[in-house]
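So that the names make sense, note that chain A is the first sequence line, chain B the second, and so on, each numbered from 1.
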Amino acid sequence: MSRYTAKEIESKWQSAWDAAETFKAVRDSRPKYYVLEMFPYPSGRIHMGHVRNYTMGDVISRYKSSCGFSVLHPMGWDAFGMPAENAAMEQGGHPKDWTYSNIADMRDQMKPLGLSIDWSREFATCDPEYYGQQQAMFIDFMEKGLVYRKNATVNWDPVDMTVLANEQVIDGMGWRSGAPVERRDLTQWFFKISDFSEELLDAIDGLDSWPDKVKLMQRNWIGKSRGLQFSFSLAEGPHGHDRVEVYTTRPDTLMGASFIGISPDHPLARMLERENQDIADFNAECRRMGTSEEYLEKAEKKGFDTGLICRHPFDTSWELPVYIANFILMDYGTGAIFGCPAHDQRDLDFARKYGLDVIDTFVALDDGRPVEYEAFVPPKTEKVRWTRAFGWGVEATGSEAIDAAIAFCESNGVGQGVTKFRLRDWGLSRQRYWGCPIPVVHCDDCGVVAENKENLPVRLPDDVAFDKPGNPLDRHPTWRDTTCPSCGKPAKRETDTMDTFVDSSWYFARFTSPRAESPTSAEDAAYWMNVDQYIGGIEHAILHLLYSRFFARAMHVCGHLPKFATEPFDALFTQGMVTHEIYVTRDDKDRPVYHLPEHIEWHESGARLGATGAPVQVIASAKMSKSKKNVVDPVNIISAYGADTARWFVLSDSPPERDVEWTASGADAAFKHLSRVYRLATEAVTEDAAEEGPQGADEALLREMHKTIHDVTMGIESFGFNAAIARLYAFTNTIARAKPGSATRRDAIRTLAHLMSPMTPHLAEEIWAMLGGQGLLARAPWPRADPAMLVEDTVTLPIQINGKRRSEITVARDLGKDEIEKRVLADPAVLKALGDGAPKKLIVVPRRIVNVVT
RNA sequence: GCGGGCGUGAUGGAAUGGUAGACAUACCAGACUUAAAAUCUGUUGGGCCGUGUGCCCGUGUGGGUUCGAGUCCCACCGCCCGCACCA
């Protein structure tokens, strides 16, 4: 008997699939199915998260293909981004070489997985053929008014003289220089995603096959709010400032206002800092902070009393102090707020810190105590008792009061109700080399001019060095100099490149026609769009998906996508991460040094470093990441066990949407199981082909087979891969116990292989061929369960007494309720519990359960 | 801080509001073997004594809704994801 040799089997069938062009996506008369996994960043090594992500997509792809769909399942590379530049700075070399060599490495690591990918459609976003089309679209967007320039704040590292990403700012310091980061204003390019705020929000309702949590996160992110915009008049404002404009979503708390807060970047604050050194110092301190919302929210709330006084709009003798506060962003609303400490925790903390009034405007219906150190913020739908209402009753909900307050203010000439969105325009400028150049020229005479489309792509120059900080495009001797596309005079190229989110916002559309001379081709887009099933990490729930939804709309406006593709992902599945323990030692400065799992040895005293024997600290499992080195290399797993084992393992045990922890024993178990299936098949080939097994046994096995077909099919359809696999384990056990030699059993083994084929395609092909299957299994139609075989004649009903299981009866499947009740009341356990009395209640759920209430 | 999610045996997990722990791992025991590996079979949430188709407890903690809650609601604790220049 031969052993299960994955390596031979896998390369054999991969060659067979290649030779038959099994996975080439073709437009034909079949219904199409487009399955897409979020494409990877080419870090150079695939990791288990990739294996899990692509295996899930592969299961869907192979399954849909066998259900008769023409499947598109492409792969590409999200190839621009900072790591390539960082590598160039740290190790020398060129980002381009680094990236393409990583892509080659990763492709080599992925191919042995046997994924049903149409590799002929592969591209990288750093291919000029791709980013040139992106530049063409950028110009189209400009023409449609979807792009503009404005000032925006960035993190500036004053030592490295460079812009830092938020993740490069650690505790307010630059990650490389360690210098305190400053905020700086730069003129930047923006996409007008805000034009689509309402539309992007409303369309979420139509995304039936998206997870609710993602839809909720997107809704909250877009953040539609209705509020009141009005102004406080300044008692004695500095030159030119007689009022402060504010926006509030809680105008109902206006009678609880106790201070006005303005951003350090508010025009009023900027004016004051010119005259007052203390204010200048305070604002400067604020500007030394990071720019991320998270950072600002977590930072200690600080304010500076400007000494200015605002008058309350309802009572001009009511005076409110004006503070500059570090937590107010100029980008939001008007850059100014009024504080109502009684009903906002942040305002309350601020008020307590600076000794400001706390004025309740409402109290709980059943608790009239005033606010002390915990703001009273009930849900807006809860009725409360108003102590300082204007224009509504004593008892009202927050929502009712807000509406009434807006109406009252409008009719009294105090501001007006406005709808605002939290969603800000998408700043796409990056002061970096390794990205898609923004195809624009700055001309002294013509201003900002789009490059002519026939000059695209605007290619990145290759002759750049990364020995100095900053953007090499800025100091490139010749690339920057060009001629104006409009007047022909000498002009300068834009040196900003695009956010890498731009690259990933339309790659799904490009896959439908990856070699087209325009961004998309109408026929291909019409046939292949939309993505029927998109699969990726929950970490992309907001930005990537929102940007893609915007891009699809903008592309439609420019004629690059049909109307129906403006919502490009019909169904979305967010898979969990692959996690692993982290191994860490400390260097002489007590900084953490991480180690790969393969370098760890286990001793009785605990984990030690294989090379030196140094003790290793084991930290709880976390997402596998290069920086923490808690990665298991799929290549090692594939060479040890084979791709099918790796695929089987990442799908088993954990539900796909949840994290899965990689364990060596789990991989071992998967391999054992596949070996067992292989052995069952080889044994079946050599067994005497006895005609039939015992009548009853065959019938039972057949029933089990059809049930398994049904359950596995449902499992795949609903992303219950782990449940489907558990079912396949159970079916394998059933087959193993069945009497060998029967034709039914042989059928069962072949069906087992067929049902396993989306997960373990190589092993399945091997068994299929072994047991006389015709042609490639990858092309065989999916097995169908016979509905008649799924129905049992009898069902076992558990009997609960007062909600606790006490007995059970087996009855005919379609037995009537009355008859069931009769039998239940005759059950010994029920009789015992009831004594002489009748049950208080008898609940019969047909085919499910019976509950007797005494 | 804000928004979203998750929490079940020793472990990964299963369970349309209906028998909690399927399936797998690990451990232990047995079969086969000179032995080991491999393979096969079986036990395993906790407690109780009355050893039964027994009883009680048990799905992060505390409440609630229901004939019935792992599942729905409220509060709390812990962990994870996102927070607009990481991809």
Side-chain angles (χ1 to χ4, degrees), chain A residues 3 38 40-41 43 78 80-83 152 154-155 163-169 188 193 211-214 216-221 223 291-299 301 327 331 345-346 349 422-432 499-501 503-504 537-544 546-547 574 576-577 579 620 622-623 652-655 657-661 663 665-666 668-670 672-673 675-676 679 720 722-723 725-730 732-733 736 796-808 828-829 839-843 845 848-853:
Chain A
R3 275 174 54 93
M38 291 178 185
Y41 179 80
S43 61
D78 188 13
F80 276 134
M82 294 200 304
V154 296
N155 301 306
V163 176
L164 298 179
N166 283 334
E167 71 155 12
Q168 297 173 318
V169 180
Q188 310 242 59
I193 191 172
D212 287 337
K213 62 181 170 187
V214 174
L216 189 54
M217 281 191 260
Q218 293 229 345
R219 282 193 188 99
N220 289 340
W221 185 262
T291 56
S292 79
E293 189 177 329
E294 182 191 5
Y295 187 92
L296 294 173
E297 290 286 339
K298 279 185 183 162
K301 309 295 179 292
F327 56 88
D331 290 346
Q345 191 60 46
R346 191 174 61 183
D349 295 343
R422 206 185 77 98
L423 180 65
R424 309 198 296 256
D425 277 332
W426 173 7
L428 68 113
S429 289
R430 296 293 180 270
Q431 292 69 42
R432 280 183 245 290
D499 180 5
T500 56
F501 270 123
D503 312 333
S504 56
I538 184 70
E539 67 271 24
H540 296 294
I542 297 175
L543 292 178
H544 162 62
L546 191 63
Y547 289 156
T574 53
M577 303 172 301
T579 65
K623 177 181 178 172
S652 61
D653 287 352
S654 252
E657 68 276 12
R658 237 192 274 177
D659 294 351
V660 62
E661 165 141 27
T663 59
S665 62
D668 215 48
K672 270 189 203 172
H673 176 74
S675 303
R676 188 180 182 212
R679 201 172 50 245
N722 57 325
I725 282 180
R727 201 65 192 73
L728 287 166
Y729 269 114
T732 308
N733 286 335
T796 300
L797 296 178
I799 299 176
Q800 293 182 332
I801 295 170
N802 295 327
K804 286 189 174 146
R805 187 190 165 281
R806 287 289 183 263
S807 184
E808 62 182 35
K840 229 182 247 168
K841 210 169 184 181
L842 188 57
I843 292 136
V845 184
R848 273 276 171 205
I849 203 164
V850 178
N851 193 7
V852 183
V853 186

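Of the candidate nucleotides B:A84, B:A87, B:U39, B:A87 has the atom lying nearest to any side-chain atom of A:Phe501. Proximity note for A:Pro83 (side chain, C-beta onward) versus B:C85, B:A87, B:G1: the nearest is B:A87. Closest approach to the A:Ile538 side chain among B:A84, B:C85, B:C81 is made by B:C81 (side chain taken as heavy atoms from C-beta onward). Residue A:Gln188 has its side chain nearest to B:C85 when only B:C85, B:G18, B:G1 are considered. Of all nucleotides listed (B:G3, B:C83, B:C56), B:G3 comes nearest to the side chain of A:Met217. If you check B:C85, B:G18, B:G1 against the side chain of A:Lys298, the one that comes closest is B:G1. Side chain of A:Arg848, nearest nucleotide from B:U25, B:G18, B:G82: B:G18. With B:G1, B:A87, B:A14 as the candidates, the nucleotide lying closest to the side chain of A:Glu539 is B:A87. With B:A24, B:C86, B:G13 as the candidates, the nucleotide lying closest to the side chain of A:Asn722 is B:G13. Checking B:C83, B:U19, B:A87 against the side-chain heavy atoms of A:Trp221 singles out B:C83 as nearest.
For the pair A:Glu294 CD and B:C2 P, the interatomic distance rounds to 13 Å; values are reported in whole Å. Spacing between atom CG of A:Asn166 and atom P of B:G82 amounts to 13 Å, rounded to whole angstrom units. One interatomic measurement links the two molecules: CG of A:Asp668 to P of B:A26, which rounds to 7 Å at whole-angstrom precision. Here the P atom of nucleotide B:G54 and the CD1 atom of A:Ile801 are 12 Å apart, to the nearest Å. Taking atom CZ of residue A:Arg3 and atom C1' of nucleotide B:U39, one finds them 12 Å apart after rounding to whole Å. Per the geometry, CD belonging to A:Glu167 stands 11 Å off P belonging to B:G82, to the nearest Å.
The partner of B:A75 is B:U61, judged by Watson-Crick or G-U wobble contacts that both fall below 3.5 Å.
Between B:G13 and B:C32, the two P atoms lie 38 Å apart (nearest whole Å). As rounded to the nearest Å, B:C27 and B:G78 have C1' atoms that lie 29 Å from one another. Rounded to a whole angstrom, the distance from the P atom of B:A26 to that of B:U11 is 15 Å. Nucleotides B:C57 and B:G52, compared at atom P, are 22 Å apart to the nearest Å. Taking the P atoms as reference points, B:U71 lies 14 Å from B:G64, given to the whole Å. With C1' as the reference atom, B:C77 and B:A38 are 47 Å apart, rounded to whole Å. The gap from the C1' atom of B:C6 to that of B:U53 amounts to 38 Å, rounded to the nearest Å. The separation of B:C56 from B:G12, taken at their P atoms, amounts to 30 Å, rounded to a whole angstrom.
The shortest distance between the side-chain N/O atoms of A:Arg658 and the OP1/OP2 oxygens of B:C6 is not below 4.0 Å. For A:Asn733 and B:A24, the shortest distance from a side-chain N or O to OP1 or OP2 is below 4.0 Å. OP1 or OP2 of B:C57 lies within a sub-4.0 Å distance of a side-chain N or O belonging to A:Lys804. Checking the phosphate oxygens (OP1, OP2) of B:C67, no side-chain nitrogen or oxygen of A:Asn802 falls inside 4.0 Å. Contact annotation: A:Arg422 side-chain N/O to B:G3 OP1/OP2 distance is not under 4.0 Å. Distances shorter than 4.0 Å separate some side-chain N or O of A:Thr500 from OP1 or OP2 on B:A87. Contact between the side-chain N/O atoms of A:Arg679 and the OP1/OP2 oxygens of B:C40 is found at a separation under 4.0 Å. Of the side-chain N and O atoms in A:Lys213, none sit less than 4.0 angstrom from OP1 or OP2 of B:G4.
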| said: Walk me through whether A:Arg676 and A:Thr732 qualify under side-chain contact (heavy atoms from CB on, under 4.5 Å). | reply: CA-CA 9 Å; A:Arg676 188 180 182 212; A:Thr732 308; 4.1 Å; yes
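The aromatic rings of A:Tyr547 and A:Phe501 stand perpendicular to each other, their planes meeting at an angle above 60°, with 30° marking the opposite boundary.
Contact annotation for A:Ser807: no contact, since no heavy-atom pair falls under 4.0 Å across all strands. Looking at heavy-atom distances under 4.0 Å, A:Leu216 makes contact with sugar-phosphate atoms alone, never a base. Among the protein residues, A:Arg806 comes within range of the sugar-phosphate backbone only, with heavy atoms under 4.0 Å from sugar or phosphate atoms but none that close to a base. No engagement by A:Gly223 is indicated, since no non-hydrogen atom pair under 4.0 Å with the nucleic acid exists. Contact annotation for A:Leu296: no contact, since no heavy-atom pair falls under 4.0 Å across all strands.
Rounding to the nearest 0.5 Å places CG of A:Leu543 at 11.5 Å from CE of A:Met217. Rounding to the nearest 0.5 angstrom, the gap separating the CG atom in A:Asp503 from the CG atom in A:Asp78 is 6.0 Å.
Nearest-nucleotide positions on RNA chain B place A:Pro655 closer to the 5' end than the other of A:Pro655 and A:Ala736. Each of A:Asp499 and A:Asn851 was assigned the nucleotide of RNA chain B with the nearest heavy atom; the assignment lying further toward the 5' end belongs to A:Asn851.
Its glycosidic angle being within 90° of 0, B:G9 falls on the syn side.
Using a cutoff of 4.0 Å between basic side-chain nitrogens and carboxylate oxygens, A:Lys213 and A:Glu657 are not scored as salt-bridged.
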